[in-house]
Number of protein chains: 2
Amino acid sequence: MKLYFNKIGSLETVTIKDIAKVLNLSTSTVSRALRGSYEINAETKRLVMEYAEKVNYSPNPIALSLKENKSRAIGVIVPEIANHFFSQAINGIEDVANKRGYHVVIFQSHESYQREVINIQHIIARKVDGLLISLSGQTNDVIHLQEIQQKKLPFVLFDRVSDKIEAHKVVADNFDGAFKATEHLILSGRRRIAHIASPSLLSITKERLAGYKAALEKYSILYDESLVKYCGFGAEEVKKLVGDLLENQKPDAIFTTSDRLALDCFSEIKEQGILIPEQLSFIGFTNLKVAHLLAPSLSTVVQPAFEIGQTAAELLLDSIERKSQNIEQFRTIKIPTEMVVRKSSVFN
Amino acid sequence: MKLYFNKIGSLETVTIKDIAKVLNLSTSTVSRALRGSYEINAETKRLVMEYAEKVNYSPNPIALSLKENKSRAIGVIVPEIANHFFSQAINGIEDVANKRGYHVVIFQSHESYQREVINIQHIIARKVDGLLISLSGQTNDVIHLQEIQQKKLPFVLFDRVSDKIEAHKVVADNFDGAFKATEHLILSGRRRIAHIASPSLLSITKERLAGYKAALEKYSILYDESLVKYCGFGAEEVKKLVGDLLENQKPDAIFTTSDRLALDCFSEIKEQGILIPEQLSFIGFTNLKVAHLLAPSLSTVVQPAFEIGQTAAELLLDSIERKSQNIEQFRTIKIPTEMVVRKSSVFN
DNA sequence: AACGTTCCCGACAACGATTGCATAAAGATA
DNA sequence: TATCTTTATGCAATCGTTGTCGGGAACGTT
């Protein structure tokens, strides 16, 4: 025996069956009436609609998912939401997804390959319609991505992509951003420009390094490997590497490649009592909201995180909705970066 | 006719029915075998288990949700994930939820009451087992929360709570944090201490104001209303209010109440060329990771975001799993705050 | 009068998994 | 031999919804 307390908000949510019973109709008729099917009498439709409205009927998305084998939800896997780039990208994703009637389910890999794989399994079991992924710093192989592809589940890589797999990709123009930053340092008179980079596995690392090298080459500065350091995500590790670098290589400028690195590096430099920008120019590849409040204010190359998220989501949803046609070309979309010069890199 | 490509990963996911067909058993037997029911022959069990393992069977959570009318997922609604306090709190929530076998689905209200309500509706339709909510800055009434309560859906408010409703609540010790911050300013010799507060609707705002007042009172400093400003979340608004305050009230210290306010306020002070801490002491109620990198480094009252998230999640899951017993006492848990003194509030 | 249309609507199966009940086969007891 | 237990399994209902099929009623056509 079921209980209904509809006057005070339903204890049990009302289903199509409940409506059918009350109106003495079959569930099929109610269903069709609600979807405005042509084969239902106008009067019946009105009755059903009105009653549904009155009892605040809303279809059970779980039942629909089961029936249709899709969920109108997309999964997002990012290394860390406590990172402005990713939280802004997620905002971009949600913006697009919500407009197109999809939900967004967020997962974090916390820079762990293992968690990335587990997340993907979970997310697939949950029957999302598609996936947006930014790879963890530990991710080296792409077998988990290949599995997704074999399951014909649409996905788009963004920001942290891999060149070991063919897929839709949305990235910032890392090469150009790094090139501009390096060129800026060179033009302001620096020559010994160090580059603090993310783990070498990441695509962003390679592209930014390439931009850095290209700028050096353009101005005929020899590439010096000892000025480039790859760092993981531990603060201590970064500080040690940077400490060594400062002591042994005496760079006159540093170009870092991410929020985390910029901050840890920045604080190590200050702890060593080295003056920015007088003794050392500094520019970061970051999305920090507080860049202008640091002392000195931090020059940065900014990635349009929100736009990257939007673009990736658009691409994914197009792919999902076009899925049946099947034959589709993988696309890589590159979004321009912007350089903001502040005090940390201007010393004259 | 279904296609199976199990050697290369299944195109169609395998169901209990598929297993049954292959092994010439009924779905019931397979189901029971997988759950290790005592009424299934040991040999049959082994067969089923092995085959299930081989084809990588995993039960369809959607089907289970439909049947059991629960999802082993909890919903989280926060104003903004691009806010360290909330992203850290979410990490705490996920930590606990994952350990206890639940998924976390994140929604943002973007400080909008309307979006908060819509999010709640969505989330309820999705059949989550419970809800964690931190209210938006615009939220004034709690009818949406009352609705949840009438639907008997367990929920816990955290950080941004409301005193208009009885429910489980987890908060930082805002009173004490504000008291300590204000007292610190007083003890260092300040007397005209301004307080930049969040929207006055929020519980945190009221509690922190009370702590501020209590500290003033303890040291027999008269409470001056004109030193207190309530701000929304727009940068321009904050800067204008602070600008006016600085000009007209000439405070010798400022105590702000959130990340956003601290940053906007900080930058306005610097733009006006006022020296921190010489002319003006500054302390914020924030969770900024970069507080120590600002110039001068920023004194703060820190809320244990991760722990708040953990506690709230524990409370919710307990509530969910105890749900059937029904009669439960609402609890309010207060987590201590910590004061970190840096240069922005030390001038001698 | 016999047949064909059109209009509305209901019965049933299906999606994937669980579970109460029924039951066949085999063994145990009287 | 007849009846009762036990063991192992299958059937069918269920969750909420939709799609396929089929059919009754009312009307028009020959």
Side-chain angles (χ1 to χ4, degrees), chain A residues 1-4 10-49 51-52 55-72 124-129, chain B residues 1-2 4 10-49 51-52 55-73 124-129:
Chain A
M1 184 61 187
K2 289 193 181 186
L3 297 173
Y4 291 97
S10 49
L11 175 64
E12 317 254 340
T13 37
V14 18
T15 73
I16 233 171
K17 211 183 280 184
D18 301 324
I19 300 182
K21 212 174 297 168
V22 171
L23 299 183
N24 252 313
L25 291 168
S26 74
T27 57
S28 344
T29 305
V30 174
S31 170
R32 276 181 289 238
L34 289 172
R35 337 195 79 235
S37 162
Y38 66 97
E39 28 180 4
I40 301 296
N41 185 295
E43 174 62 9
T44 312
K45 270 190 213 171
R46 197 183 54 73
L47 235 62
V48 173
M49 301 277 209
Y51 185 74
V55 297
N56 219 318
Y57 168 80
S58 89
N60 182 326
I62 310 243
L64 285 179
S65 285
L66 180 60
K67 188 124 186 38
E68 321 237 308
N69 202 28
K70 63 182 185 187
S71 55
R72 290 196 83 76
I124 289 178
R126 287 255 140 200
K127 302 277 179 212
V128 293
D129 297 345
Chain B
M1 184 63 184
K2 289 193 180 184
Y4 293 96
S10 51
L11 176 63
E12 317 255 338
T13 38
V14 9
T15 75
I16 230 170
K17 210 183 282 181
D18 301 324
I19 301 183
K21 212 174 297 167
V22 172
L23 300 182
N24 251 311
L25 291 167
S26 74
T27 58
S28 357
T29 306
V30 174
S31 169
R32 277 185 279 242
L34 288 171
R35 334 194 83 231
S37 163
Y38 67 97
E39 33 180 3
I40 300 296
N41 185 297
E43 174 62 13
T44 312
K45 265 189 213 171
R46 199 184 53 74
L47 236 64
V48 172
M49 301 275 208
Y51 186 74
V55 296
N56 220 318
Y57 168 79
S58 89
N60 182 326
I62 309 243
L64 286 179
S65 287
L66 180 60
K67 183 126 187 38
E68 320 245 309
N69 203 30
K70 64 183 184 191
S71 56
R72 288 195 84 75
I124 289 178
R126 288 253 141 201
K127 300 279 178 212
V128 292
D129 298 343

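Chain letters run A, B, ... following the sequence lines, proteins first, then strands; residues in each count from 1.
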Rounded to whole angstroms, how far apart are [atom1] on [X] and [atom2] on [N]?
{"X": "Glu39(A)", "N": "dT18(D)", "atom1": "CD", "atom2": "P", "value": "14 Å"}
{"X": "Ile16(A)", "N": "dG19(D)", "atom1": "CD1", "atom2": "C1'", "value": "12 Å"}
{"X": "Tyr38(B)", "N": "dT6(D)", "atom1": "OH", "atom2": "P", "value": "12 Å"}
{"X": "Lys67(B)", "N": "dT17(D)", "atom1": "NZ", "atom2": "C1'", "value": "16 Å"}
{"X": "Asn24(A)", "N": "dG10(C)", "atom1": "CG", "atom2": "C1'", "value": "12 Å"}
{"X": "Lys127(A)", "N": "dC15(C)", "atom1": "NZ", "atom2": "P", "value": "13 Å"}
{"X": "Asn41(B)", "N": "dA24(C)", "atom1": "CG", "atom2": "P", "value": "20 Å"}
{"X": "Leu47(B)", "N": "dT9(D)", "atom1": "CG", "atom2": "C1'", "value": "14 Å"}

Q. Contact class for Leu25(A) vs. all strands (heavy atom < 4.0 Å): base, sugar-phosphate, or nothing?
A.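 Sugar-phosphate contact only - Leu25(A) comes under 4.0 Å of backbone atoms but never of a base.
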Q: With heavy atoms under 4.0 Å as the rule, sort Tyr57(A) into base, sugar-phosphate or nothing.
A: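 Here Tyr57(A) touches the backbone only, sparing every base.
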If you check every side-chain atom of [X], which of [options] has the closest atom?
{"X": "Thr44(A)", "options": "dT18(D), dT9(D), dC9(C)", "answer": "dC9(C)"}
{"X": "Lys17(A)", "options": "dG16(D), dC15(D), dC15(C)", "answer": "dC15(D)"}
{"X": "Leu64(B)", "options": "dT19(C), dA17(C), dT17(D)", "answer": "dA17(C)"}
{"X": "Leu66(B)", "options": "dG20(C), dC15(D), dG19(D)", "answer": "dC15(D)"}
{"X": "Ile40(B)", "options": "dC8(C), dT18(D), dT9(D)", "answer": "dT9(D)"}
{"X": "Ser28(A)", "options": "dC9(C), dA12(D), dG10(C)", "answer": "dG10(C)"}

(Q) Would the distance check show the side chain of Thr44(B) and the main-chain N or O of Ile40(B) forming a donor-acceptor pair, the cut-off being under 3.5 Å? (A)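 A pair under 3.5 Å: no.
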Q) Hey, is the side chain of Thr15(B) pairing donor to acceptor with the base of dC15(C) inside 3.5 Å? A)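 Per atom types, no contact qualifies.
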Q) Any N or O donor-acceptor pair linking the side chain of Glu68(B) to the base of dC15(D) at under 3.5 Å? A)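 Counting by modelled atom types and ignoring angles, no donor-acceptor contact under 3.5 Å is found here.
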Can you see if the side chain of [X] gets near the phosphate of [N] - specifically, an N or O under 4.0 Å from OP1 or OP2?
{"X": "Thr29(A)", "N": "dC9(C)", "result": "no"}
{"X": "Arg35(B)", "N": "dT19(C)", "result": "yes"}
{"X": "Ser31(B)", "N": "dT18(C)", "result": "yes"}
{"X": "Asn69(B)", "N": "dC15(D)", "result": "no"}
{"X": "Arg32(A)", "N": "dC9(C)", "result": "no"}
{"X": "Thr27(B)", "N": "dA17(C)", "result": "no"}

Q.
Assess the residue pair Ser31(A) and Ser28(A) against the criterion (side chain to side chain donor-acceptor pair (under 3.5 Å)); give the C-alpha distance rounded to whole Å, side-chain angles, the decisive distance to 0.1 Å, and a yes or no.
A. CA-CA 5 Å; Ser31(A) 170; Ser28(A) 344; over 6 Å; no
Q: Determine whether more than 12 heavy atoms belonging to other residues, nucleotides or ligands lie under 6.0 Å from atom NZ of Lys70(A).
A: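 Check fails, neighbour count at 12 or below.
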Q | Contact summary for Lys45(A) and Ser37(A), nearest pair of heavy atoms | A |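 Minimum heavy-atom contact is CE-O, 2.9 Å.
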**Q.** Ala63(A) or Val30(A), whichever maps to the more 5' nucleotide of DNA chain C
**A.**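 Result of the comparison: Val30(A).
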Q.
Could you measure the distance from the CD1 atom of Ile62(A) to the CZ atom of Arg126(B)? Nearest 0.5 Å is fine.
A.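 So the gap between those two atoms works out to 7.0 Å.
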Q: Check whether the side chains of Lys127(B) and Thr13(A) place a donor and an acceptor atom closer than 3.5 Å, and report yes or no.
A: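 The criterion, which ignores hydrogens and geometry beyond distance, is satisfied for Thr13(A) and Lys127(B).
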